[in-house]
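Here is the structure we will look at.
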Amino acid sequence: MSHQESGLVHTEIYNQPVADASLIACLHCDLPQRLSEIALGASARCPRCNKELWRRREDSLNRTLALTLAAPVLYVIANSVPILGLTIVGRDASTTVIGGAQHLWNNGQQLVGVLVLFSAVVAPALQIGLMLAIVLGAMRERAPRWVGAVLRHHPITRIWSMIEVMMVGVLVALVKIVDYATVIPGIALFVLWVLVFILARMQAGFDSREVWEKIQWADEAQRDAAGDSLAEGTS
Ligand SMILES: [Zn+2]
């Protein structure tokens, strides 16, 4: 055995990636298991806790892209037109979502104002923007590694995006105030409800595993390079 050959054997034994791409851990009970190929629309369940491990969604990237392109349009409309109008003893007033947060800030409710601004304006914008970046990145021939970094942090924006909570709060306030003032629901109120459903559908139809599989990781690039040099060595 030549020196070069023994070196090759060395890297084959000691520098092997141990990961098996078909191995996944259950998100609910951490049981590692091997995921077999499943048909479109079908799902796999964990044998220990019976929770869904993965559902293979049909045409996930294109469908998510369509919703992710519709969402910014609704988002811009929802934040530029009034959400509510009030008429009290002949005086009219109306406000947008951002205006509402500003009112809270000016009236000594700074913390609530910041929370409303963050959870109803900033987080949804991040949720939509990052999802658009992930889908566009994943649609490339080989998804770049930054897609993985964005995908890893995307759930945080989803957790903080709480338009529906704000909407329920607005409805409760409306019911309480309706005896004292004439309330005019703004266009934003309806647009935001549509946006809530669009965002829910966007998340439900998105298949993160499909994106993970498309990302070219460093060790994969190294393996490709090692494979090339091995082929050169043997030829
Ligand atoms: Zn489980």
Side-chain angles (χ1 to χ4, degrees), residues 24-28 30 51-81 83 95-102 104-105 109-140 142-171 188-217:
I24 61 165
C26 174
L27 284 175
H28 304 277
D30 281 344
K51 292 271 172 36
E52 188 176 282
L53 281 174
W54 181 46
R55 180 179 292 276
R56 206 165 148 213
R57 287 160 177 100
E58 206 174 325
D59 201 16
S60 163
L61 280 182
N62 282 323
R63 288 181 185 189
T64 310
L65 179 66
L67 293 167
T68 319
L69 290 175
V73 179
L74 295 173
Y75 176 88
V76 170
I77 297 172
N79 281 300
S80 44
V81 296
I83 183 168
T95 186
T96 58
V97 179
I98 298 170
Q102 201 177 354
L104 285 166
W105 179 275
Q109 300 280 342
Q110 282 90 347
L111 185 65
V112 185
V114 169
L115 279 175
V116 168
L117 188 72
F118 186 72
S119 57
V121 181
V122 178
L126 286 173
Q127 186 189 7
I128 298 166
L130 296 186
M131 183 59 98
L132 192 61
I134 291 167
V135 174
L136 290 178
M139 282 184 144
R140 284 161 63 172
R142 302 208 83 164
R145 288 180 65 196
W146 59 259
V147 175
V150 178
L151 187 55
R152 190 172 294 127
H153 293 104
H154 187 254
I156 300 170
T157 65
R158 200 178 69 204
I159 290 166
W160 277 99
S161 174
M162 293 187 226
I163 301 177
E164 63 280 11
V165 177
M166 181 192 72
M167 299 298 280
V168 172
V170 167
L171 284 184
L189 201 63
F190 302 102
V191 178
L192 279 170
W193 273 120
V194 179
L195 185 60
V196 165
F197 285 101
I198 293 265
L199 290 182
R201 192 72 200 86
M202 177 182 93
Q203 289 300 151
F206 176 63
D207 187 352
S208 57
R209 196 176 163 81
E210 189 182 337
V211 177
W212 280 123
E213 280 172 0
K214 287 188 158 202
I215 298 167
Q216 188 183 20
W217 298 102

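Taking Val73 as the reference, Ile77 meet the side-chain contact (heavy atoms from CB on, under 4.5 Å) condition, with sequence neighbours excluded. In this structure Arg55 satisfies the side-chain hydrogen bond (donor to acceptor under 3.5 Å, both in side chains) test together with Glu52, sequence neighbours excluded. Applying the salt bridge (charged side-chain N to carboxylate O under 4.0 Å, His left out) criterion to Arg140, with sequence neighbours excluded, gives no partner residue. Shown here are the side-chain contact (heavy atoms from CB on, under 4.5 Å) partners of Ala71, two or more places apart in sequence or in another chain: Ile128, Leu195, Ile198, Leu199. Ile159 pairs by the side-chain contact (heavy atoms from CB on, under 4.5 Å) definition with nothing, not counting sequence neighbours. Residues passing the ring pair (Phe, Tyr, Trp, His ring centres under 6.0 Å) test with Phe118, sequence neighbours excluded: Trp160. Every residue two or more places apart in sequence or in another chain was checked for a side-chain hydrogen bond (donor to acceptor under 3.5 Å, both in side chains) with Asn79, and none qualifies. Every residue meeting the side-chain hydrogen bond (donor to acceptor under 3.5 Å, both in side chains) condition with Ser161, not counting sequence neighbours, appears here in chain and number order: Gln127. For Arg201, the salt bridge (charged side-chain N to carboxylate O under 4.0 Å, His left out) test picks out no residue, with sequence neighbours left out. For Leu151, the side-chain contact (heavy atoms from CB on, under 4.5 Å) criterion is met by Ile134, Phe206, Ser208, Val211, Trp212, not counting sequence neighbours.
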Test side chain to side chain contact (heavy atoms under 4.5 Å, CB included) on Val97 and Met166 and set out the steps.
CA-CA 10 Å; Val97 179; Met166 181 192 72; 3.8 Å; yes
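One finds the CD atom of Gln203 at 5.0 Å from the NE2 atom of His154 (value rounded to the nearest 0.5 Å). The OG1 atom of Thr95 sits 8.0 Å away from the CD atom of Gln102 when rounded to the nearest 0.5 Å.
At least one donor-acceptor pair closer than 3.5 Å links the side chain of Ser60 to the backbone N or O of Gly205. Within the 3.5 Å criterion, the main-chain N or O of Asp207 finds no donor-acceptor partner in the side chain of Arg56.
Sequence neighbours left out, the pairs with a member in residues 61-77 that pass side-chain hydrogen bond (donor to acceptor under 3.5 Å, both in side chains) are Asp59-Asn62.
Heavy-atom contacts from other residues, nucleotides or ligands closer than 6.0 Å to CG of Leu27 number 12 or fewer. Counting heavy-atom neighbours within 6.0 Å of Trp105 CH2, excluding the residue itself, gives a total of 12 or less.
The two residues Ala78 and Ala188 come nearest to each other via the heavy atoms O-CB, 3.2 Å.
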